[in-house]
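Report on the structure given below.
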Amino acid sequence: MPKPSNTSQHCTHLPEPSAETQAHSDRLKQLIIRNIQANGGKITFADYMNQALYAPGLGYYSAGLKKFGKQGDFITAPEISPLFSQCLAIQCLHIMQHTGQTTILEVGAGSGIMAIDIVLELEKQAQLPEQYLILELSADLRERQQQAIKARLPHLYERFEWLNHLPEKPFCGIVIANELLDAMPIHLIKLEQDKIYERHVALDQQDNFIWLDDLPQNPHLQHAAENIQQLQHTLVHLNDKPHSDYITEVNLQAIDWVKSIADILESGAMLLVDYGYTAREYYHPQRSMGTLMCHYQHHRHDDPFYLPGLQDITAHIDFSSIALAAHEAGLHITGFTTQAHFLMAGGLVELTQDLNPDDIIPFTETARQIKMLTLPEEMGELFKVILLATDKTLSLPAFQFQDFKNRL
Ligand SMILES: C[S@@+](CC[C@H](N)C(=O)[O-])C[C@H]1O[C@@H](n2cnc3c(N)ncnc32)[C@H](O)[C@@H]1O
């Protein structure tokens, strides 16, 4: 039986939206309400998140709000420092030399800054990619990427091309993405002893969003949830913990996306950076409320019903499920490490060795950026990099300090 639970709590400590942005959020809320009504009174959380982030013209990523950086809601590694993208460029160069493929496809390119810094570094090394393709879901971000790249790289603009869908099979090249998978809509599940529920979004009498737990209808979700439940039981037993209700996420879209890339990739590799854990860490009994997180003007909270369209909604990545999907689709897992190890082994030291400590302002600014990218309490440990390749002998310097692929 469907089980309704409490309405969302108001996030009273968060900054108030302006009248204009509140009206924007209200329009999106009305759209989602109509959608719920048209679907018999409930939609899956994945459908809710999809509309909250990507409803044309209204969703968080589809509307014209500033999202990245100081004036936005969160900051990503390429926005913190060009060093991040320069290290990625150096690893792309190794892949190009190993595979002979010189096309790069970036998926979910945000402001376009990573594309700019990667191409600038490859130009410096006289190893420009034949083409730099970008696949971006948000029409608004795509336009901003085009403007930014035209302004910063007018002489190389011809090499860029924006795609409307994945390239046709066979694709030869390097696929890169930073914080793409965490922006994909996730299914929420609730495990109660031997029962499995999927969390849906429904409406109370005042048309507020409320949770409604019901049996999963999607067989892929049911299958994934059963595997998680089994792992859960083992981990509860190993950690000597009492059983309790457990809410967590399943990112079916990320799994399908990895499979579709594997399907078209004839020769090359995929380098993905995101925050997350291996399955044993992800589904640890202590993480009983999952990893769903919202970002609103640099405040973090856990209420996805708060101001839809004005805040980011995200969940961590289960890298074991990504590795399994890639393996089943015929790719080799040729590297998995933390962002800190990836950058330290992947060129960060060489890129910064000529910095002059007497040049105090740029020196301290670069030191600050490196700390944010690499310290364990910042992005260094939570963020991981995974390399999936068509050739199992592909080995990159960036994975040579530490490679944790046997923990996946
Ligand atoms: C969290 S942002 C990261 C942006 C950028 N990579 C960065 O690191 O700053 C997620 C990006 O992925 C895009 N996106 C999400 N799902 C996508 C999909 N299925 N295909 C292409 N782009 C997608 C979003 O529109 C947004 O540009």
Side-chain angles (χ1 to χ4, degrees), residues 46 49-89 104-118 132-149 161-167 175-186 251-261 264 270-276 292-296 298 300 309 311-317 322 339 342-343 369 372-373 379 382-385:
M49 183 166 162
N50 191 34
Q51 290 172 61
L53 297 186
Y54 301 108
L58 288 174
Y60 177 73
Y61 283 106
S62 317
L65 297 170
K66 179 116 179 68
K67 302 158 222 350
F68 314 106
K70 286 198 186 102
Q71 290 103 49
D73 302 291
F74 58 88
I75 189 148
T76 60
E79 303 281 339
I80 291 172
S81 172
L83 288 166
F84 174 82
S85 308
Q86 288 160 3
C87 289
L88 271 185
I104 296 178
L105 164 62
E106 182 181 349
V107 186
S111 70
I113 188 74
M114 189 167 105
I116 292 170
D117 287 328
I118 286 180
Y132 196 103
L133 309 172
I134 295 183
L135 178 58
E136 171 55 60
L137 197 59
S138 153
D140 168 61
L141 286 176
R142 178 185 172 134
E143 211 178 297
R144 290 195 207 192
Q145 292 156 12
Q146 289 169 340
Q147 281 167 8
I149 292 170
E161 191 186 325
W162 278 263
L163 306 179
N164 294 321
H165 45 72
L166 283 180
V175 180
I176 54 174
N178 183 61
E179 290 206 40
L180 165 74
L181 304 179
D182 74 67
M184 292 184 174
I186 43 109
N251 195 334
L252 292 181
Q253 191 171 323
I255 292 170
D256 287 347
W257 182 83
V258 167
K259 284 186 179 159
S260 27
I261 299 282
I264 57 164
M270 200 182 332
L271 202 47
L272 308 176
V273 190
D274 225 309
Y275 45 94
L292 187 77
M293 190 58 61
C294 306
H295 295 103
Y296 177 61
H298 293 275
R300 288 205 298 174
Q311 63 168 0
D312 188 26
I313 307 174
T314 166
H316 289 37
I317 297 306
I322 299 300
Q339 178 168 297
F342 178 87
L343 295 177
Q369 295 171 358
M372 279 188 79
L373 293 175
M379 301 174 95
L382 180 59
F383 281 72
K384 312 287 189 310
V385 189

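Because only heavy atoms are used, hydrogens play no part in the values below, and waters and symmetry mates are left out as well, while side chains stay in. Ligands are counted one by one from 1 in listed order, and the atoms in each one are counted from 1 as well. In this text, all values refer to a predicted model and were calculated from it rather than measured experimentally.
Counting only heavy atoms from C-beta outward, the side chains of Leu373 and Gln339 approach each other to under 4.5 Å. Two residues are said to be in side-chain contact when any heavy atoms from C-beta on lie closer than 4.5 Å; Met379 and Ile80 meet this criterion. Between Glu79 and Phe84, the closest side-chain pair of non-hydrogen atoms is not below 4.5 Å.
Listed for the Gln86 side chain is no donor-acceptor partner under 3.5 Å among the backbone atoms of Asp117. Proximity of a side-chain donor or acceptor of Gln51 to a complementary backbone N or O of Gly59 within less than 3.5 Å is not detected. Listed for the Asn251 side chain is a donor-acceptor partner under 3.5 Å among the backbone atoms of Leu181. Formation of a donor-acceptor pair under 3.5 Å by the Glu136 side chain with backbone atoms of Ala109 is found in this model. Remark: side-chain polar atoms of Ser260 are paired, donor with acceptor, to backbone N or O of Asp256 under 3.5 angstrom. Asp274 contributes a side-chain N or O that, together with a main-chain N or O of Asp182, makes up a donor-acceptor pair within less than 3.5 Å.
In summary, the atoms of ligand 1 found under 4.0 Å from a heavy atom of Leu135, numbered by their order in the structure, are 21 (C), 22 (N). Within ligand 1, counting atoms from 1 as listed, the ones closer than 4.0 Å to a heavy atom of Ala183 are 10 (C). Of all atoms in ligand 1, numbered sequentially from 1 with element shown, those under 4.0 Å from a heavy atom of Gly110 are 4 (C), 5 (C), 27 (O). Listed by number with element, the atoms of ligand 1 under 4.0 Å from a non-hydrogen atom of Ser138 are 25 (O). Every atom of ligand 1 with a heavy atom of Val107 under 4.0 Å away is listed here by number and element: 20 (N), 21 (C). Close approach of ligand 1 to Thr76 is summarised as follows: ligand atoms under 4.0 Å from at least one heavy atom of the residue are 7 (C), 8 (O), 9 (O).
Nearest non-hydrogen protein atom to atom 5 (C) of ligand 1 is Gly108 O, 3.5 Å. Distance from atom 3 (C) of ligand 1 to its nearest protein heavy atom, with residue and atom name: Glu179 O, 3.5 Å. From the protein, the heavy atom lying nearest to atom 27 (O) of ligand 1 is Glu136 OE1, 2.8 Å. Counting protein heavy atoms only, atom 15 (C) of ligand 1 is closest to Tyr54 OH, 3.0 Å.
Checking Leu141, Leu180, Asp73 against atom 14 (N) of ligand 1, the nearest heavy atom belongs to Leu180.
Of the N or O atoms in Gln145, none lie within a sub-3.5 Å distance of an N or O in ligand 1. Looking at Leu137 next to ligand 1, an N or O pair under 3.5 Å apart turns up. Checking only distances, Pro78 never comes within under 3.5 Å of ligand 1, N or O to N or O.
With a 4.0 Å cut-off on non-hydrogen atoms, Asn178 touches ligand 1 through its backbone as well as its side chain.
Closest approach of Gln369 to Ser81, counting heavy atoms only: OE1-OG, 2.9 Å.
A donor-acceptor pair shorter than 3.5 Å cannot be found between the side chains of Tyr61 and Asp140.
Remark: distances from the non-hydrogen atoms of Trp257 to ligand 1 are all 4.0 Å or more. Taking 4.0 Å as the cut-off, Met114 does not count as a neighbour of ligand 1 on heavy-atom distance.
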